[in-house]
Every structure is written in structure tokens, then in C-alpha cells.
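Convention: sequence-line order gives letters A, B, ...; per-chain numbering from 1.
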Protein chains: 2
Amino acid sequence: MRYKALLPGFALTIITITSGSWAAQQSNEPIQVIAPVTNINPAMVELGKKLFFDPRLSKSGFISCNSCHNLSLGGTDNIKTSIGHNWNQGPINAPTVLNASLILAQFWDGRAKNLKAQAGGPIANPGEMASTHELAIEVLQSIPGYVTEYQQIFGNDKINIDDVTSAIAEFEKTLVTPNSRFDKWLMGDNEAINDTELAGYKLFKETGCTGCHNGPAVGGTSYQKMGLVAPYQTDNKAQGRFDVTGNESDRLVFKVPSLRNIELTYPYFHDGGAATLREAVDTMGRIQLGKQFTDAENIKIVAFLKTLTGDQPAFNLPILPPSSDKTPQPMPF
Amino acid sequence: MRYKALLPGFALTIITITSGSWAAQQSNEPIQVIAPVTNINPAMVELGKKLFFDPRLSKSGFISCNSCHNLSLGGTDNIKTSIGHNWNQGPINAPTVLNASLILAQFWDGRAKNLKAQAGGPIANPGEMASTHELAIEVLQSIPGYVTEYQQIFGNDKINIDDVTSAIAEFEKTLVTPNSRFDKWLMGDNEAINDTELAGYKLFKETGCTGCHNGPAVGGTSYQKMGLVAPYQTDNKAQGRFDVTGNESDRLVFKVPSLRNIELTYPYFHDGGAATLREAVDTMGRIQLGKQFTDAENIKIVAFLKTLTGDQPAFNLPILPPSSDKTPQPMPF
């Protein structure tokens, strides 16, 4: 930990290196380091990566997973609610796919229990990719490059949606973002974050933000009501967990989002209603914690949040296998 | 050259290595090898690559250059005519950006004299990216990561559209696709293409296809009338060079497209009217050359055309610098 003692006329910085191990330091904090991914199937990751970038999984031939979970843009689309087939306005803000493997369930309302269950949803959603699982499989089965790759991984040449979503999920497991400055600090590098950022983190903890935003994903460990202390004003129709369970107590209860890479995943909240981190921090303070952050406090917390940006996906742009004469034609219009 | 003499009972393959240099062999053929790109500005390429992938150059924040010139898909979108802002149906098939630096002018009607002149068009086209140059520059100027990179390249921090399109063009210059099997054959590797493919190439030359499809891009060296011998049937409204010059003799005169990577850039023609190479070869034979190819001839020519697929772009998916609180909001709806 670093302590700065300000005396009249000069500044003295005393740096004390914690004698304990990195692991020991981590265990004292509500936020944990993101570990690099292990235990994945590399061939399945390569197939899943291609599928993630392939717009032929959509009816139009234009929209891929990467359209709304753009890995050049923090795994999201940076618009309030997404654009789907026929320029349909989506009902909710696209959550980032980065670190999605670290959180308790998928979608804002948690209706998919894991990445694999999520991956099939948008393909067949008429307002998103607007295909069907049957058509998507027919398309993939008609592409010789995919059939060969599939055969090598799954041992047969009859592609099915279960394996397709497994492959996409396997790729998505690799989309963790270790080595953020904050993680370096957690692991004992006291120079990794500056005094303002550290003060922001302390404030983040002391005010109670870590009550929900904790764990390696800095969130994604629980569902919480949006507007715990004061109601959240929005025109968005989403009712969160209520839409899944039908329980009145689940109304406006959403999955707590990860704050990893939050600098990249604007706009914020399930309705994309907060354009900036400054606005998001202010709103969260007021409606979740009953706390009006001062400008100075807001600046510190935002500075801390920006230390959560980790290593972004680093891989070659996938080159997709070409369609064949038998491939069903896209139907964009 | 390879000659295969078939005798009863066994096959004898005689391979004669041409004694002349690679250059000598090339000079005898109407198609030339694609040279790897040289003489580029690497920093400008990196900036241009980011801009090419950045949907913030569009009004919606959703459409980038790569949306319709998808480098995972042969530099095109593989749909008949492109999808633009608000799901606008584009008037014409998106030409590939691969090897576009090798051709005489840009757009099907050649209205842009070079890559730089082309790059500014879609950004401000209401049916494509639907932004304006002024708004696009305001967006880029608000993104600190771009300002820093721009400053390092251009020596000042006032971004302008001229430099932006220069950077995109500089990146596009790198999108050449050398090392196709056909180029290896041109350079003297007789094993690079098989007998069917070689027969297809001979037929391609003898029938007169190389009259238009010649040079390193196998096209892109001239404008020609679509329907020289027999009229081309289409509902597409595009009138080609006539739309640029107003000369009656330019009606339905289009730029001859490159056939490089043609296996990847379906559907074919300015209206995307041919879904398959088989259909495209058949139509071209009939309406441009007055020749009805037999099935056997068609198969050979298609086999040859598939040898024109070269090295696809190989680079890490670009990670884009985040917007700031001052960045104008996207306007998707």
C-alpha cells in the first residue's frame, strides 16, 4: 500500500511493499484478479471464433455476433440499444461479451444459464439475427470449410446447433481481459495505479459499491433491483428477472453488470441511459446507495474505474470459409 | 509448363521446367503476378486500419467500412446489394476492397479516381453510413486515442477529412493478395495448379476472357459494356459510366471487375445477379463473347478461377480507442 504524507513545503511519498504474497493481498480485497484462461479446446476456439464473426448465421447475411458484441469496441456496440434485422431497435443494451464467462448467468435478466445457452438466442431472435437454428445449420452444412473443421473437432460431418453454440461459447471463454492496471495493483505492484485512482477505489469500497460489484468481474455475482433507494427513471420496458420468473419481487431486478473494461462499454445500464461514466456513477450513488457523490468524489471513482481496462482480445481477424453453390442465399430485404 | 500424356494402362507426367526466369514467363501471359505491397507508411496504415473498422464514422455508430467490405469475407458483404443506414437497400453490389489499389478507378462506374477519393463517399452517403464529413471529423477529434495517433503521423492535432481518407487509402493499399496458386504457377511452380485448372486457364485465354480480365488484378484495366453481344437482363437501375459522363455511349458501361479472389466475392456483376461462378461464367460467355460454354468448359474455367484466391489480410483485429465524454452520440434511430 502507498501512503502519501503531505507536509508544508514538500511532499514525501513512503512506499511500503507488503511482505505477504500476491495471493494474500488479493484475498483481502472484494475484487479479485482475472486469471488468464486455461483448459480450453484450441480447435473449438478457432471454429467458434469464425462462427462469432460469421454474418451468414443471420437471415440477412449481414449481422454476426460481432456486430453487437464488437470485439474492437470492448465487446459491445456502444449504442443505447442494438440494431437488429431490418434495423429493428432492440429492447435492451447489449452486454459486453468480455469476461462473460465469469458471471453467474447471461442476458440482463439472467435467462440463459451459461454462454452456450446464450449463443443460440440472438441467431433465432426475429429482432436480432432473424434466422432459425435449422436455417443456420443448413447454411453451415453447405460450407465445405466448416464441415471439414467440424469433422476434425466433433468426429462427424453432421453439424448441429448444440455443437455450434458450444464452439461459440468455447471462443467466448477466451475473451477474458487480464492484466488491467488494477489487477497489477492487486498483485502487489503499488505503482500500477496512482493516488487519485487508489482514493477512488477506497471510496468505491467505503460507499458500498463493492457490495454488488465484487469478484473477478467486479460484478456479475448477483441480481439487484435497479432503483433500490430511489426509483430509476426510464422509458425502457424491460422488467428484468420479473420477465423470467413472473414474481412481483423480481420486477426491475437485473443482473449486476461487470465493471471490467467499463471505460469501453458505454453507454451504461440496461437501457443505455447513462452516456458517460460520470453520469453512471452519479446515478448509481443516488438510486442504489442513497449517496450524492461530490464532483471530487465522482472524479476519483471514475479514475479508479478506468484502471479496470485489461488486455483486449488479441488474435488475427478470422478469414471465413466461402459459401458453396448449395448455400442458401441470404435474405436481407 | 506441364504436359500429361495419357497412354493405355498408365499415366506419364512430363514436367519441363522453363529455362527462362520467372519474369520471362510472366511477360508471356496476359495475367501478371501480384507483387507484395511496398512503399507504405506503417503508422498511417495502422491508423487507417482502425478507421476502416470504426463504426463511429457512421451516423448510427453501427456501420463501418468493414461492414460492406468485410475482410473476413473477401473484402465484400456477399449480398446482392448492400445494407446501409436504416436498412437502406443499396443500388449496386459492393465491390471488393481487396487489390483495389491495382485497378484504374473506384466504384463500378469509376467515379472516384483513387482509393482516397472513394473512401470519403460512403461516410457521407445518406443510404450508406449516413454521416457527414464534418460530423465524422468532430467524432474523431473527440477521441483522445485518435488525436494522439494523428498528431504523431501528421504533426498536428487538428484532424481533417483529407488526412482521414488518406489513412484509410494507405491501409487499403496493403490489401493485396499475393501468393495465389495461379501466381505460383506464373512464377514457374508447375505443380501449383492441376490439369483441369490449367485447361480452364487456356480456355479462358483462347475464348477471349483475357481481353478484359488481364493484368495483375485480372481485370480493372478498362471499362466495358455489360451486354456486348446480347443484352443483360436486370432490374438494376445503374447505368454505369453514363451516370458519370452523360454520354449515351457510356450507358451500361462498367468497370471490368478484378477476378482475384473471385471464389470469395459472390454474388457477381454490378447487380449481384449471378449467385455462383458457374452462372457468372455462363452469362459472361453468352453476353460478352457470344460463346455458350459447355458444362465441361464451364467446370474448367471455374476451376481456374478458384486458383486466383491469394493470401487474405493477416493482421490482429484492431482495438479502437474509446470515445470521450465529448464524443457526439451515435444516432441509430
Side-chain angles (χ1 to χ4, degrees), chain A residues 49-50 53-56 60-64 66-68 70-74 77-90 261 263-267 272 275-279 302 306 309 311-327 329-333, chain B residues 49-50 53-56 60-64 66-68 70-74 77-90 261 263-267 272 275-279 302 306 309 311-327 329-333:
Chain A
K49 187 192 296 173
K50 291 192 183 89
F53 279 82
D54 201 324
R56 289 170 294 188
S60 63
F62 188 64
I63 299 179
S64 70
N66 194 64
S67 296
C68 298
N70 192 329
L71 295 174
S72 297
L73 293 172
D77 53 10
N78 292 150
I79 53 185
K80 286 176 91 164
T81 63
S82 297
I83 295 168
H85 185 77
N86 206 23
W87 214 260
N88 176 67
Q89 181 168 2
N261 310 292
E263 178 185 14
L264 309 178
T265 62
Y266 51 89
T276 65
L277 272 180
R278 180 184 181 82
E279 188 182 341
V302 169
K306 290 184 176 178
T309 306
D311 289 347
Q312 296 301 297
F315 54 78
N316 265 20
L317 182 75
I319 302 300
L320 304 180
S323 294
S324 73
D325 291 3
K326 293 177 183 161
T327 304
Q329 297 298 307
M331 292 173 278
F333 304 109
Chain B
K49 186 190 299 173
K50 291 193 183 89
F53 279 83
D54 201 325
R56 289 170 293 188
S60 63
F62 188 65
I63 299 178
S64 69
N66 193 65
S67 297
C68 298
N70 192 329
L71 295 173
S72 297
L73 294 171
D77 53 11
N78 292 149
I79 53 184
K80 285 176 92 163
T81 64
S82 297
I83 294 168
H85 185 78
N86 207 23
W87 214 259
N88 177 65
Q89 181 168 5
N261 311 292
E263 178 184 13
L264 309 178
T265 62
Y266 50 89
T276 65
L277 271 179
R278 180 185 180 84
E279 187 181 343
V302 169
K306 290 185 177 178
T309 305
D311 289 347
Q312 297 300 297
F315 54 77
N316 267 18
L317 181 76
I319 302 301
L320 305 179
S323 295
S324 73
D325 291 3
K326 292 176 182 162
T327 304
Q329 297 298 308
M331 291 173 279
F333 304 109

### Query
Counting heavy-atom pairs under 4.5 Å to chain B, which of Asp54(A), Ile83(A), Ile79(A), Leu264(A) comes out on top?
Ile83(A)
### Query
Passes side chain to side chain contact (heavy atoms under 4.5 Å, CB included), Leu317(B) versus Asn316(A)? Steps please.
CA-CA 6 Å; Leu317(B) 181 76; Asn316(A) 265 20; over 6 Å; no
## Note on the structure
Here the gap from Tyr266(A) atom OH to Asp325(B) atom CG, rounded to the nearest 0.5 Å, amounts to 10.5 Å
### Task
Return the option, out of Ser64(B), Pro318(B), Pro321(B), Ser82(B), with the maximum number of heavy-atom pairs under 4.5 Å with chain A.
Pro318(B)
### Task
Please round to the nearest 0.5 Å and tell me the distance separating atom CZ of Phe62(B) and atom OG of Ser67(A).
4.5 Å
### Task
List the steps and the verdict of side chain to side chain contact (heavy atoms under 4.5 Å, CB included) for Phe333(A) and Thr81(B).
CA-CA 10 Å; Phe333(A) 304 109; Thr81(B) 64; 4.0 Å; yes
### Query
Between Trp87(B) and Ser60(A), which heavy-atom pair has the shortest distance, and what is it?
CZ2-CB, 3.5 Å
### Task
Tell me, for Thr309(A) versus chain B, whether the close heavy atoms (under 4.5 Å) come from the side chain, the backbone, both or neither.
neither
### Message
Tell me whether the count of non-hydrogen atoms from other residues, nucleotides or ligands lying under 6.0 Å of NZ in Lys306(A) goes above 12.
### Response
no
### Query
For Pro55(B), is it the side chain, the backbone, both or neither that has a heavy atom under 4.5 Å from a heavy atom of chain A?
side chain
### Query
Counting N and O atoms only, with roles assigned by atom type, does the side chain of Ser72(B) sit under 3.5 Å from a partner on the main chain of Leu320(A), one being a donor and the other an acceptor?
no
### Query
Of the backbone (N, CA, C, O) and the side chain (C-beta and beyond), which part of Asn88(A) lies under 4.5 Å from a heavy atom of chain B, both, or neither?
backbone
### Message
What part of Ser324(B) gets within 4.5 angstrom of chain A, counting heavy atoms only: side chain, backbone, both, or neither?
### Response
neither
### Summary
Applying a strict 4.5 Å limit to non-hydrogen atoms, the region of Thr265(B) in contact with chain A is neither
### Message
To check you understand the geometry: which heavy-atom pair defines the closest contact between Ile319(B) and Pro313(A), and what is its length?
### Response
CD1-O, 3.6 Å
### Task
With a 4.5 Å cut-off on heavy-atom pairs, point out which of Glu279(B), His85(B), Glu263(B), Arg278(B) contacts chain A the most.
His85(B)
### Over 12 non-hydrogen atoms of neighbours within 6.0 angstrom of NZ in Lys80(A)
no
### Message
If you count heavy-atom pairs within less than 4.5 Å of chain A, which of Asp77(B), Leu71(B), Thr327(B) leads?
### Response
Leu71(B)
### Query
Quick one: what part of Asn78(B) sits under 4.5 Å from any heavy atom of chain A, side chain, backbone, both or neither?
backbone
### Query
Using non-hydrogen atoms only, which part of Leu73(A) is less than 4.5 Å away from chain B: side chain, backbone, both, or neither?
side chain
### Message
Using heavy-atom distances under 4.5 Å, tell me whether Pro332(B) contacts chain A through its side chain, its backbone, both, or neither.
### Response
both
### Which atom of Ala275(A) lies closest to which atom of Gln329(B), heavy atoms considered
CB-NE2, 3.8 Å
